[in-house]
Amino acid sequence: MKNYSNIAIVVSFFGLWMDSYFSTKLQVLSGFLFIFTFGILHGANDLLLIKTINPKKQSNSSLKILGSYLLVVLMGILLFYTIPALALLLFIIVSAYHFGEQQWQNLQNDFAKWILALFQLAYGFFILSLLFTFHPDEVQSIILNITRISILSSYFSMLLTISGIAFIGLSIYFYWKLEKIRKKLLNELFYLALFTIIFKSSSLIWGFAIYFVLWHSIPSIIDQIKFLNGNYSFKHFIAYCRAAGIYWLISILGMALLYFTFKEQQLFHALFFSFLAAITFPHALVITKMFRGEKGSIKK
Ligand SMILES: CC1=C(/C=C/C(C)=C/C=C/C(C)=C/C=O)C(C)(C)CCC1
């Protein structure tokens, strides 16, 4: 994982440098393209993960799993259609936890569950509010399009302050309590400084794409492969892509349909994030189960 982080740092700076040559339109287009490829891929093997988490369960027929999965996605879409403000709030809370859980998964046995969950939530909120605080107008306009509610941009900096205090406070407590986490905490602080530079210097979509793909989706794919096979190799990565292919294609076709139906940019952004949210709800649940699951330990 350390090796991967080094690669991610270099690629992040490369992304930032490339960004300065792109027009705003090209940045948005390449940002979405990046999210569509690896970002969507990391959620496309959820059904396989469910089967592996609990292989002995009787109710584990592929059709049943697919049915329950689609039900959660449909419920998410319905919620966005009927009470969009609640749906977006839920999406942001679930995403914050999901980002924090990915980054801080290996502390499960060292602290009480609720402290760890609070820490993971604070971390995720910190990342999201950092991004929002640097691009308040664009985020406001997307939220307005989804919910018809105009959010004050001061809310973003307020969220940044609250989550920052919670994250730093808990980090100090963890640093003091657990020696083995000290190096990781310092590394993560360095990554946060890197994310600040990236979020400040790039456009909203490009900044989000760099974080989402390089710092969330690819590490998640590596963890999933380790969970499914016991270790990571290129051969296993190809098998992972093959298994995910059909679900990935369905997602991409769905998004292409949205794009060609609603060409208006702001509306497309709103629909894109609603779609991402609908597939995030079951995905976050599956990943939580994976981290608590039995098969193949995820060796760091
Ligand atoms: C960036 C961004 C938003 C939040 C996106 C989030 C929270 C994405 C989470 C995705 C996940 C967790 C996917 C699955 O793993 C808003 C609020 C829609 C406003 C516009 C910009």
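Both ligands and their constituent atoms are indexed starting at 1 by order of listing. Here the structure is a predicted model, which is why all the values come from computation and not from measurement.
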Exercise for review: Run the ring-centre check on H216 versus F38 and record whether the distance is less than 6.0 Å.
Suggested key: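 They do not qualify: ring centres at least 6.0 Å apart.
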
Check your understanding: Do the two ring centres, one from Y123 and one from F167, sit under 6.0 Å apart?
Key ->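 So the answer is yes for these two rings.
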
Could you tell me the residue and atom name of the protein heavy atom closest to [atom], and the distance to it rounded to 0.1 Å?
atom	result
atom 20 (C) of ligand 1	I142 CD1, 3.6 Å
atom 19 (C) of ligand 1	V139 CG1, 4.0 Å
atom 18 (C) of ligand 1	F273 CG, 3.5 Å
atom 12 (C) of ligand 1	S95 OG, 3.5 Å

Review point. Under the 3.5 angstrom rule, does the side chain of Q105 hit a backbone N or O of Q102 as a donor-acceptor pair?
Key: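 Yes, because the side chain of Q105 sits within donor-acceptor range (under 3.5 Å) of the backbone of Q102.
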
Review point. Is a side-chain N or O of W248 found less than 3.5 angstrom from the main chain of H42, in a donor-acceptor match?
Key: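 Flag not set: sc W248 to bb H42 has no pair under 3.5 Å.
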
Review point. Hey, which atoms in ligand 1 end up nearer than 4.0 Å to a heavy atom of H98?
Key: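 Heavy-atom distances to H98 below 4.0 Å select 12 (C), 15 (O).
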
**Study point:** Element-labelled atoms of ligand 1 that are located less than 4.0 Å from some non-hydrogen atom of F91
**Key:**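 Once the distances to F91 are compared, the set is 5 (C), 6 (C), 7 (C), 8 (C), 9 (C), 10 (C).
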
**Study point:** Nearest option to atom 17 (C) of ligand 1, as decided by whichever heavy atom of F132, F208, F99, Y211 sits closest
**Key:**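 It is F132 whose heavy atom sits nearest to atom 17 (C) of ligand 1.
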
Review point. Out of L204, T147, L131, T280, whose heavy atom is nearest to atom 14 (C) of ligand 1?
Key: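 It is T280 that holds the nearest heavy atom.
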
**Study point:** SB check K180 D110 (cutoff 4.0 Å)
**Key:**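 Between D110 and K180 there is a salt bridge, with a charged N closer than 4.0 Å to a carboxylate O.
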
Point to revise | H236 versus S233, side-chain donor and acceptor atoms under 3.5 Å | key: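 Present: a donor and an acceptor within the cut-off.
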
Check your understanding: Does the side chain of Q27 come under 3.5 Å of the side chain of S23 through a donor N or O and an acceptor N or O?
Key ->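 No - no donor-acceptor pair under 3.5 Å links their side chains.
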
**Study point:** Heteroatom distance test (H42, ligand 1): nitrogen or oxygen, under 3.5 angstrom
**Key:**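 Yes; the residue has a nitrogen or oxygen that sits under 3.5 Å from a nitrogen or oxygen of the ligand.
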
Exercise for review: Write down the atom of F174, the atom of I181, and the distance for their closest heavy-atom approach.
Suggested key: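 Looking at all heavy atoms of both residues, the closest pair is O-CG2, 3.6 Å.
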
Review point. If you measure from each non-hydrogen atom of L276 to ligand 1, which part falls under 4.0 Å: side chain, backbone, both or neither?
Key: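 The answer is the side chain.
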
**Study point:** Contact with ligand 1 for H216, non-hydrogen, under 4.0 angstrom
**Key:**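 A heavy atom of H216 does come that close to ligand 1.
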
